[in-house]
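Encoded as structure tokens, the structure appears first; notes follow it.
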Amino acid sequence: MLTQAFSFSCDARCSHTQARAGTFTTPHGPVHTPRFMPVGTLANVKTVTPAQLATTGAQMVLSNTYHLHLQPGEDIVAEAGGLHRFMGWDGPMLTDSGGFQVFSLSQMRTITEDGVTFKSPKDGRIINIRPETSIQIQNDLGADVIMAFDECPPYPCSRETIKASTDRTWRWLQRCVEAHKRPDQALFGIVQGGVYPDLRTEAAQQLATLDLPGYAIGGVSVGEPPELIETIVKATAPCLPEHKPRYLMGVGTYREMAQAIAAGVDLFDCVIPTRLARHGAALVAGERWNIKNQRFRRDYTPIDADCPCYTCQNFTRAYLCHLIHAKEMLAFTLISIHNITELVRFTQRIREAILGDRFTTEFAHWLTPNPIATT
Ligand code: PRF
Ligand code: ZN
């Protein structure tokens, strides 16, 4: 596979942990890591325009094979000139393979060695996605980074089940590599292995032999106790090639991101910032504030006085509280802009701290076990 279009260089290393600040170069520009990536499931980050998204500091944006295959179909996205043109985002993009979404969203699914068959929740059609299908759809969608088609088992699961599914994910990865046809897209492999550190280590070492342009850690944040995430990441990340980006899928909480960065992870995604916004919740210094609360009715200060985002620079809590009560959609847009900025900025601040070798001192609070359950 040709991958000259992609490179990952290390800009600085933390002297106390495995954390690194890096630059991942894609055909649509650089991604400075560590970095949080917002989710644009259906070729849009819900309620946020690409121009607004650019102001949040987000660099790479995610979209989903599963959702775009069901609607509008990859043929339409391809005819439109690919995902970037279709959605008007000219920066780096990544598509998830559909593996995780088939397992978490569809009913009546059957998994065989060949692939997954399920009933479309849109129109009841029977749909078959094989590793080859997922790659072909992602080749048609045209994101910069595409993900291998994996099996993401639920939690809890027996060791035997996890072992079988991790082995299948490995065989599926080899089929994905074989099926991948576009050298201008980087195919990332995904490490599974559930909560079993030895299975994780084994899978990571196996994947590393393929010399892919990047690697992801999947199968976390699927219902296991959050404390296990750090153990899993620590058993996985160090076994992945040092000179390739590492991406922890579906994790976007402060503590888990900080701890994963300390273990050598570079990229994260999560629906948290946009999903919370649609429930009227704003992320402030690691907490979730319900802006709908009456206590904000006459509060003429921004969500966070220290936040540089468009929302905090121009609007008050009182105004947002009013918009939510009036069921105005602008509330979701403005809170999403703030929440995405907040999580991107958290990872950007960690990056700055790594560059100055101040990570463990400045982020000590997030690197310790969780005292009480927060975000
Ligand atoms: N696999 C894929 N996408 C994912 C996951 C996974 O395991 C997760 C798990 N948190 C989120 N998104 N393909
Ligand atoms: Zn803000």
Side-chain angles (χ1 to χ4, degrees), residues 37 39 41 48 52 55-57 62-67 94-105 116 129 131 134-135 137-138 145-155 157 162 165-166 168-169 172-173 176 187-195 200 203 215-224 226 228-229 232-233 236 247-253 256-257 260 265 267-273 276-277 281-285 289 291 301-317 319-320 333-346:
M37 309 183 283
V39 178
T41 301
V48 179
Q52 291 166 332
T55 70
T56 66
L62 234 84
S63 205
N64 282 104
T65 298
Y66 171 85
H67 294 86
L94 178 152
T95 46
D96 197 357
S97 56
F100 176 65
Q101 288 74 26
V102 170
F103 297 106
S104 56
L105 301 175
V116 184
I129 299 187
S134 170
I135 297 301
I137 298 170
Q138 294 186 84
V145 175
I146 68 174
M147 301 304 300
F149 192 68
D150 58 332
E151 185 181 341
C152 178
Y155 177 86
C157 246
I162 295 289
S165 125
T166 307
R168 174 174 286 159
T169 292
W172 282 2
L173 172 61
C176 288
L187 170 62
F188 281 24
I190 304 176
V191 179
Q192 292 289 341
V195 297
R200 288 278 175 180
Y215 293 87
I217 304 173
V220 292
S221 201
V222 292
E224 75 282 18
L228 286 184
I229 297 180
I232 297 168
V233 171
T236 315
Y247 159 33
L248 181 57
M249 308 189 81
V251 171
T253 45
E256 283 68 34
M257 286 200 289
V265 171
L267 294 165
F268 304 88
D269 79 282
C270 191
V271 295
I272 281 183
L276 283 180
L283 289 168
V284 184
W289 289 7
I291 304 297
T301 63
I303 297 177
D304 179 351
D306 294 328
C307 178
C309 88
Y310 170 71
T311 304
C312 292
Q313 292 301 309
N314 293 281
F315 305 96
T316 62
R317 296 170 182 175
Y319 178 63
L320 297 167
T333 300
L334 294 178
I335 302 174
S336 291
I337 291 172
H338 167 77
N339 285 351
I340 294 169
T341 304
E342 168 64 15
L343 287 190
V344 172
R345 207 158 65 92
F346 180 70

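Remember, it's 1-based here, ligands and their atoms both numbered in the order they're listed. One-based numbering along the sequence shown. Below, all heavy atoms of this structure are taken into account, side chains as well, without hydrogens, waters or symmetry copies.
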N/O contact list for ligand 1, threshold under 3.5 Å:
unit_1, atom_1, unit_2, atom_2, d
ligand 1, 1 (N), Asp150, OD2, 2.7
ligand 1, 3 (N), Asp96, OD1, 3.3
ligand 1, 3 (N), Asp96, OD2, 2.6
ligand 1, 7 (O), Gln192, NE2, 3.0
ligand 1, 7 (O), Gly219, N, 2.7
ligand 1, 10 (N), Val220, O, 2.5
ligand 1, 10 (N), Met249, O, 3.0
ligand 1, 13 (N), Asp96, OD1, 2.9
ligand 1, 13 (N), Asp150, OD1, 2.8
ligand 1, 13 (N), Asp150, OD2, 3.4

Would the distance check show the side chain of Ser134 and the main-chain N or O of Ser97 forming a donor-acceptor pair, the cut-off being under 3.5 Å? yes
Would you say Thr316's side chain and Thr301's backbone share a donor-acceptor pair under 3.5 angstrom? no
If you define the side chain from C-beta out and look only at heavy atoms, does anything of Tyr310 sit under 4.5 Å from Leu334? yes
Sidechain-backbone polar pair: Thr95 side chain, Ser63 backbone, donor-acceptor under 3.5 Å: no
Taking Thr55 for the side chain and Gln52 for the main chain, is one N or O donor matched with an acceptor at less than 3.5 Å? yes
Assess whether side chain to side chain contact (heavy atoms under 4.5 Å, CB included) is satisfied between Glu151 and Gln192, documenting all intermediate values. CA-CA 8 Å; Glu151 185 181 341; Gln192 292 289 341; over 6 Å; no
Gln101 vs Thr65 side-chain heavy atoms within contact, under 4.5 Å: no
So what's near the Zn ion (ligand 2), protein N, O or S atoms under 2.8 Å? Cys307 SG, Cys309 SG, Cys312 SG, His338 ND1
Mind checking whether Val195 and Ile232 have side chains closer than 4.5 Å, heavy atoms only? yes
Close side-chain approach of Leu320 and Arg317, heavy atoms under 4.5 Å: no
